Amino acid sequence: MSDSLHACPYCDTKMEADFVDVGVGYVQCGPYHCYSCGASEIGPELWDWHYKDREGETIYLPGKRIYFEHAKKKLINRNESVLKWNHPFTERELETGYYQGKISPYANTVGGQLVDHILAKEAYNVGLLDDKDLPKEDSL
């Protein structure tokens, strides 16, 4: 399917992602990955590294006031969230949204290699799917 191809931000070759047919369309179920240079889409783990307030909402830096036509007034543009100081991402990875040379910890892997959802299910059934090394809430 054509939606499953993107250009790699590091080497400009084609990247692929795993999609599954859910009956009414396709849903992406794995990160975009470049088999040439090993780049991989950063997944939901990015939100694990954002500061949260007491209610669990992401903290944003106050931005510039921008005029919004639909609101007919200037509002603060809150588009830059605050990352924790020890986050594992490089500036380039944050700019592109892709890891450079590693796979998202949320991705399905067997022996450190990215696998599609069909092989992941088979590997899970026989106990070969890699354990996820996700950050613990209290360690962030």
Side-chain angles (χ1 to χ4, degrees):
M1 83 188 272
S2 62
D3 288 347
S4 67
L5 298 176
H6 280 256
C8 176
Y10 301 111
C11 69
D12 208 33
T13 58
K14 290 185 180 177
M15 300 181 84
E16 296 179 7
D18 190 21
F19 284 79
V20 63
D21 185 355
V22 294
V24 294
Y26 289 89
V27 174
Q28 182 181 348
C29 61
Y32 279 94
H33 184 73
C34 177
Y35 291 99
S36 296
C37 71
S40 182
E41 183 177 24
I42 297 175
E45 67 273 15
L46 178 59
W47 293 105
D48 295 339
W49 292 96
H50 285 84
Y51 278 111
K52 309 270 192 274
D53 62 15
R54 291 181 183 172
E55 288 80 36
E57 299 293 322
T58 301
I59 296 174
Y60 291 88
L61 292 175
K64 296 172 103 178
R65 293 175 58 84
I66 298 174
Y67 182 79
F68 287 92
E69 185 66 37
H70 67 279
K72 303 281 191 238
K73 62 180 177 179
K74 284 187 172 185
L75 300 171
I76 294 177
N77 184 21
R78 298 180 346 146
N79 63 357
E80 192 172 336
S81 55
V82 182
L83 284 173
K84 295 180 181 179
W85 69 273
N86 59 343
H87 66 81
F89 311 104
T90 65
E91 285 299 317
R92 181 87 167 115
E93 288 173 341
L94 291 172
E95 287 172 11
T96 63
Y98 290 87
Y99 286 114
Q100 190 168 11
K102 64 181 180 179
I103 299 173
S104 167
Y106 283 85
N108 291 320
T109 57
V110 175
Q113 297 297 313
L114 189 66
V115 295
D116 65 12
H117 67 281
I118 297 169
L119 187 56
K121 174 72 170 139
E122 293 172 5
Y124 174 79
N125 288 339
V126 296
L128 294 177
L129 191 65
D130 293 344
D131 289 333
K132 305 292 184 238
D133 186 23
L134 303 176
K136 306 293 185 260
E137 192 64 34
D138 57 348
S139 68
L140 297 177

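The structure presented is a predicted model; accordingly, all values stated were derived computationally and were not measured.
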_Those residues that, when tested against Asp131, pass side chain to side chain contact (heavy atoms under 4.5 Å, CB included) (two or more places apart)_ = none

*May I have the step-by-step check of side-chain contact (heavy atoms from CB on, under 4.5 Å) for Lys14 and Tyr35, ending in yes or no?*
CA-CA 8 Å; Lys14 290 185 180 177; Tyr35 291 99; over 6 Å; no

_So, taking the atom named CG in Asn108 and the one named CD1 in Ile103, what distance separates them when rounded to the nearest 0.5 Å?_
10.5 Å

_Under a 3.5 Å threshold, yes or no: a donor from one side chain and an acceptor from the other, between Glu41 and Tyr106?_
no

*Please identify each residue that fulfils side chain to side chain contact (heavy atoms under 4.5 Å, CB included) with Thr96, with sequence neighbours left out.*
Pro9, Tyr10, Arg92, Tyr98

*Parallel under 30°, tilted from 30 to 60°, perpendicular over 60°: which one fits the rings of His87 and Phe89?*
parallel

*Please report the closest heavy-atom contact between Lys102 and Pro88, naming both atoms and the distance.*
NZ-O, 4.0 Å

*Does any donor atom in the side chain of Gln100 or Thr90 lie under 3.5 Å from an acceptor atom in the other side chain?*
no

*Taking C-beta and beyond as the side chain, do Leu83 and Leu46 meet within less than 4.5 Å on heavy atoms?*
yes

*What heavy-atom pair brings Ala39 and Cys8 nearest, and what distance separates the two atoms?*
CB-SG, 4.0 Å

*Are Val24 and Val27 connected in the hydrophobic side-chain network, where two residues link if heavy atoms are under 4.5 Å apart?*
yes

*For Thr13 and Cys34, which heavy atoms make the closest approach, and how far apart are they?*
OG1-SG, 3.2 Å

*Quick one: does Gln28's side chain have a donor or acceptor within less than 3.5 Å of a partner on Gly30's backbone?*
yes

*Hey, what do you get for OH (Tyr99) to CD1 (Ile42), rounding to the nearest 0.5 Å?*
5.5 Å

*Please round to the nearest 0.5 Å and tell me the distance separating atom NZ of Lys84 and atom OH of Tyr51.*
7.0 Å

_Could you measure the distance from the CD atom of Glu93 to the CD atom of Glu91? Nearest 0.5 Å is fine._
10.0 Å

*asked:* Under the criterion side-chain contact (heavy atoms from CB on, under 4.5 Å), I'd like the reasoning laid out for Trp49 against Asn86: C-alpha separation, chi angles, the key distance, then a yes or no.
replied: CA-CA 8 Å; Trp49 292 96; Asn86 59 343; 3.4 Å; yes

Enumerate, atom names and distances included, each donor-acceptor pair closer than 3.5 Å involving a side-chain atom of residues 114-122, sequence neighbours excluded.
residue, atom, partner, partner atom, Å
Asp116, OD1, Ile118, N, 3.3
Asp116, OD1, Leu119, N, 2.8
His117, ND1, Asp18, OD1, 3.1
His117, ND1, Asp18, OD2, 2.9
Lys121, NZ, Asn125, OD1, 3.4

*Gap separating the OG atom of Ser36 from the CE atom of Met15, nearest 0.5 angstrom*: 9.5 Å

*Mind listing the closest non-hydrogen atom pair of Pro105 and Lys132 along with its distance?*
O-CD, 3.2 Å

